[in-house]
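Only heavy atoms go into these numbers, but all of them, side chains included; no hydrogens, no water, no symmetry mates. Naming: A, B, ... by sequence-line order, numbering from 1 per chain.
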2 protein chains.
Amino acid sequence: MAAVNGEQPQRPDQPARSEPSPYHDQPQYQVIANDLRARIQRRELPPGAQVPTEKDLAATYGCSRNTVRMALSALANEGLISAGRARAGRTVRRREQFVLTHRVEEELGATRLRGPDSFADQAHRLGRAPTQDIEVSIVAAGPEYATRLEIPADERLVVRRRVRYLDGTPSHLSESYYPLMLVKDTQVLDPTEIVPSVVPLLAALGHRQVRYTDEILSRMPDPAEVRLLEIGVGVPVIEHLRTGWSAERPVRLTRTVLPSDRHQLRYELPS
Amino acid sequence: MAAVNGEQPQRPDQPARSEPSPYHDQPQYQVIANDLRARIQRRELPPGAQVPTEKDLAATYGCSRNTVRMALSALANEGLISAGRARAGRTVRRREQFVLTHRVEEELGATRLRGPDSFADQAHRLGRAPTQDIEVSIVAAGPEYATRLEIPADERLVVRRRVRYLDGTPSHLSESYYPLMLVKDTQVLDPTEIVPSVVPLLAALGHRQVRYTDEILSRMPDPAEVRLLEIGVGVPVIEHLRTGWSAERPVRLTRTVLPSDRHQLRYELPS
DNA sequence: CAGTGGTCTAGACCACGGA
DNA sequence: CCGTGGTCTAGACCACTGG
């Protein structure tokens with residue numbers, strides 16, 4: 001039944017032993033998970049396909065629904081399948097690959113650096129409609145950011161917090177931090193102002209950016225990020241911290257949170 | 001008992017309603033998970049601390065052990081707590097931060113690029129003992145790598161696959177791919193050979209690297225990586241793909257898999 | 001409205017690691 | 001040894017969604 005999977009009986013009723021020791025080799029739910037994972041990887045269950053219902057799987061493998069759920073939960077946490085939505089069931093998750101590619105380019109002679117925040121540019125080039133929610137506030141720096149910006153932890157920072165969307169669906173989160181003392185009485189504080197980039201503005205104030213430091217890490221999203229960016233179970237985020245320096249000091253900190261099923265980072269560099 | 005947590009009764013016996021509709025607002029296991037998550041974040045449960053036992057939590061919240069397990073499972077999948085090991089119980093996971101920092105530096109005038117694979121250097125600087133298992137083989141390129149190296153998918157590649165360790169514990173996985181036709185009859189094929197870097201060797205063969213393209217993405221590890229690198233539940237990996245170019249063509253592909261609880265990437269770049 | 005997955009219970013046995 | 005978490009069962013009711 002279920003046609004496939006002729007290999008071996010997944011559970012030979014009773015494993016020779018009279019009755020005891022149920023799972024000496026590998027727990028049943030992992031056997032089920034391994035089986036489904038293999039079927040997904042060899043494209044027998046292609047992206048977008050329906051995963052068999054929990055009831056069917058329980059019948060197929062001769063175990064309870066809870067055991068099947070443990071297997072499916074493992075696969076969901078690996079990002080391979082979606083959570084179920086009632087009658088729609090679960091589906092094999094599509095690897096939509098990178099919707100957006102951050103990029104740093106540098107021409108050989110010129111030492112010129114493009115990006116990374118040509119978000120609107122790249123979106124338009126892909127024929128997608130970019131939008132964003134902006135929110136500006138003033139906060140205390142805190143130990144993390146204070147270290148990077150080389151200021152006291154209680155100094156005030158202007159935060160520009162943006163949730164960006166492509167065609168209405170959340171793309172990523174981007175926060176920029178500026179020491180208040182550097183930018184007070186400028187448009188940076190105006191949330192309605194569409195500043196294409198704050199960098200030239202800082203340059204005009206005498207804080208021209210001459211170098212960057214990028215830190216890149218990965219982790220599971222917290223519940224707030226899950227809600228804000230509509231992140232599925234088992235999908236990690238990439239966190240990208242860019243500290244911008246003038247000749248004298250750090251002047252800018254950008255924090256980007258990218259759901260890893262929609263984004264990748266890209267750097268192009270001379271050797 | 002349990003001492004802490006005087007805030008509110010987490011579950012007022014029966015929520016006013018006579019009996020029905022169990023979880024209209026939020027499922028119990030999420031309430032429990034949120035509570036524990038908050039206690040971890042405010043350091044009431046600091047890194048390394050014992051998480052209360054499942055039985056205790058069930059008693060505290062007045063629910064079954066299975067419900068508690070759903071909450072703990074969610075926290076484990078967020079990378080916040082460890083899985084339990086029998087009598088040792090579960091602990092709040094330590095954020096050991098980056099053990100190793102990959103780095104790309106470039107001096108302003110010179111356009112010189114250091115790293116990223118001064119792994120041994122950086123390890124020694126940190127007083128850690130680096131070791132590695134090397135395995136060399138020859139494989140067909142496959143569509144993914146063929147595209148990046150601009151060769152037919154059936155062309156042969158030499159693979160140098162390294163699992164690297166710090167003080168005996170797995171650090172990360174690093175694979176380098178070279179078109180066989182570029183490197184045949186060289187030491188690259190010798191697994192015992194400690195080639196500090198293959199780059200100068202390629203340069204001597206007329207394939208001097210002049211630029212890189214780095215692609216960085218994140219995902220959950222597959223079971224093989226979990227075993228090889230001893231990755232905990234809920235810890236994503238960073239995958240780093242570097243394509244090295246000579247003046248004419250791609251000559252080298254490096255794939256690095258980094259458990260995100262031990263690593264971060266870092267770039268230092270001119271503006 | 002029928003059937004899916006989500007939530008939850010109250011049990012059970014087992015492997016394993018500290019005391 | 002004893003208690004932990006890991007595995008598993010056989011039920012139950014509910015919310016949501018597609019036909």
- Item | Of residues 71-83 of chain B, the positions that come close to DNA chain C - non-hydrogen atoms, cut-off under 4.0 Å | none
- Looking at residues at least two apart in the chain, or sitting in another chain, which of them share a salt bridge (charged side-chain N to carboxylate O under 4.0 Å, His left out) with A:R37? A:E78
- Item | Contact under 4.0 Å: B:R65 side-chain N or O vs C:dT9 OP1/OP2 | no
- Counterpart residues, salt bridge (charged side-chain N to carboxylate O under 4.0 Å, His left out), relative to A:D222 (two or more places apart): none
- Check the distance between D:dT9's C1' and B:R69's CZ and give it to me in whole angstrom. 14 Å
- Message: One thing to verify: whether B:E239 and B:R219 come together as a salt bridge, which I'm taking to mean a side-chain N less than 4.0 angstrom from a carboxylate O.
- Response: yes
- Item | A:S171 and A:H263: side chain donor to acceptor below 3.5 Å | yes
- Quick one: label A:R90 by what it contacts on the DNA or RNA (base, sugar-phosphate, nothing), any heavy atom closer than 4.0 Å. sugar-phosphate
- Task: Please identify each residue that fulfils ring-ring contact (aromatic ring centres under 6.0 Å, His included) with B:Y145, with sequence neighbours left out.
- Result: B:Y177
- Starting from the 5' end of DNA chain D, give me the residue, A:Q30 or A:A88, whose nearest nucleotide shows up first. A:Q30
- Note, B:L75 side chain near B:V51 side chain (heavy atom, < 4.5 Å): no
- Message: Strictly below 4.0 Å, N to O, side chains only: are B:R148 and B:E215 in salt-bridge contact?
- Response: yes
- Once you round it to whole Å, what is the distance between P of C:dT7 and CD of B:Q28? 11 Å
- Note on the structure: dist B:S174:OG -> B:L258:CG (nearest 0.5 Å) comes out at 8.5 Å
- Residues A:E175 and A:R164 bridged, charged N to O under 4.0 Å: no
- Query: Side-chain donor-acceptor pair under 3.5 Å between A:T254 and A:H240, yes or no?
  - Reply: no
- Query: Taking 4.0 angstrom as the limit, do A:R160 and A:E135 come out as a salt bridge?
  - Reply: no
- Task: Take atom CD of B:Q50 and atom P of C:dG17, then tell me their distance rounded to the nearest Å.
- Result: 15 Å
- Query: Are OP1 or OP2 of D:dT7 and a side-chain N or O of A:T67 less than 4.0 angstrom apart?
  - Reply: no
- Message: Between P on D:dC14 and CD on A:E54, what's the gap in Å once rounded to a whole number?
- Response: 19 Å
- May I have the distance from A:R85 (atom CZ) to D:dG19 (atom P), rounded to whole angstrom? 12 Å
- Query: Does any donor atom in the side chain of B:Y29 or B:N66 lie under 3.5 Å from an acceptor atom in the other side chain?
  - Reply: no
- To the nearest angstrom, how far is B:Y29 atom OH from D:dC14 atom P? 18 Å
- Item | Spacing between B:Q26 atom CD and C:dC8 atom C1', to the nearest angstrom | 16 Å
- Message: Could you tell me how far apart A:M70 (CE) and D:dT9 (P) are, to the nearest whole angstrom?
- Response: 10 Å
Output a table of nitrogen or oxygen pairs between the protein and nucleotides 1-3 of chain D separated by less than 3.5 Å.
residue : atom : partner : partner atom : Å
D:dC2   : O2   : B:R87   : NH1          : 3.3

- Item | Helical bend (five base pairs per end, nearest 10°) for the helix from C:dC1-D:dG18 to C:dG18-D:dC1 | 10°
